[in-house]
Amino acid sequence: ALTRNGAGWQSRFPLPRWDELWIDGPDGRMQAWLASPAAGGDEPLPTVLHIHGGPTGGWAPGGTMDSTMLTGHGYRVLMPNIRGSNTFGSDWIRALDGRWGDIDAADALAAVDHVIALGLADPQRLGVMGLSYGGYLTQWLVGVTDRFAGAVAENGVANQVSAWGNSYFGVHFNRRARLGDPLSREGMERLWSTSPISNVSSITTPLLMLQAEEDRICPMPDNEQLFTALRVLGREVELITYPEEHHDMKSTGRPDRRIDRMKRILAWFDRWVRGIES
């Protein structure tokens, strides 16, 4: 039997409108979900590109707390299932092996181009966000394009060389994802070439970094390197750390910290994407 027990709180919030998009991506048709304000119409709105983790995660029309929050404040949220995403077959997943920062970035930007061409996204008011691998690709994108007015990276990967040794399963993950290892100069340079920190001098997008201090999957020291480098360069960056929290803090963290996280995300995008000072 179906039940709505425990779902009463949702009645206080307008749920997003969900549209399924099929995009002509660089390697064929690509699915994306677009969450919009319930009464948003079809005009161009500030839009946040939301990148899932994994990278073998995947978006579905069920939505997330983040998409509900952002659409409730007037944003569209674009959630593409770029190459590497699950549910689209092994070839779609394997295409990303060893090609982080390459085909994934191309797919993500193709999805952005698509919603702009539809007249649904304002190209001058774009944001990008993600957790874990999504944090990695967020940090990568702002180093290779200045199209985004603001970015939020949560528990990302900034330096593939150090993550290989610092992540509790970095060695095994790199083998599975065919990212390589730093056991030779060639391997180290390959990992460095796919590291967001290698592009740090090109990052001009204001970046909010959120980090769970007890994350052993994407450890804090890795992202401290990017934060430090951006501060030395005088760029707009903030690093917020959450003690005693782990990788998926947004779902399992202490409630007050989960609220703090969401308030910071909204304030960051309001400030840099919409130009609204809190």
Asker: Is the closest basic N to carboxylate O distance between Asp19 and Arg76 below 4.0 Å?
Answerer: no

Asker: Check the side chains of Glu20 and Trp18 for a donor-acceptor pair under 3.5 angstrom, ignoring hydrogens and angles.
Answerer: no

Asker: Under a 4.5 Å cut-off applied to non-hydrogen side-chain atoms, are Arg147 and Leu109 in contact?
Answerer: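 Touching, per the 4.5 Å side-chain cut-off.
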
Asker: Count the heavy atoms belonging to other residues, nucleotides or ligands that lie under 6.0 Å from CD of Glu244, then report whether that count exceeds 12.
Answerer: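 For Glu244, atom CD is not crowded (no more than 12 foreign heavy atoms under 6.0 Å).
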
Asker: Does this structure show an ion pair linking Arg83 with Asp102, if we count only N-O contacts that are shorter than 4.0 Å?
Answerer: no

Asker: Please name the residue in the list Leu96, Asp104, Asp27 that meets the side chain to side chain contact (heavy atoms under 4.5 Å, CB included) test with Ile82.
Answerer: Asp104

Asker: Before giving the answer on side-chain contact (heavy atoms from CB on, under 4.5 Å), spell out for Asn159 and Leu226 the whole-Å C-alpha distance, their side-chain angles and the decisive distance to 0.1 Å.
Answerer: CA-CA 8 Å; Asn159 187 338; Leu226 181 61; over 6 Å; no

Asker: Take the angle between the ring planes of Phe269 and Tyr75 and call it parallel below 30°, perpendicular above 60°, tilted in between.
Answerer: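 Aromatic pair Phe269/Tyr75 classed tilted.
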
Asker: Mind listing the closest non-hydrogen atom pair of Asn174 and Gly180 along with its distance?
Answerer: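 Taking Asn174 first and Gly180 second, the nearest heavy atoms are ND2-O, 3.0 Å.
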
Asker: State, to 0.1 Å, how close Pro80 and Leu78 come at their nearest heavy-atom pair, and which atoms those are.
Answerer: CD-O, 3.4 Å

Asker: Decide side chain to side chain donor-acceptor pair (under 3.5 Å) for Ser85 and His52; before the verdict, give the C-alpha distance in whole Å, the side-chain angles of both, and the deciding distance to 0.1 Å.
Answerer: CA-CA 8 Å; Ser85 305; His52 63 65; 2.7 Å; yes

Asker: Are any of the side-chain nitrogens in Arg257 or Glu245 under 4.0 Å away from the carboxylate oxygens of its partner?
Answerer: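 Yes, Arg257 and Glu245 are salt-bridged.
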
Asker: Give the minimum heavy-atom separation between Thr47 and Leu45, together with the two atoms involved.
Answerer: OG1-O, 2.9 Å

Asker: Name the orientation class of the two ring planes belonging to Trp140 and Tyr136 (parallel below 30°, tilted from 30 to 60°, perpendicular beyond 60°).
Answerer: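 It falls in the parallel class, under 30°.
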
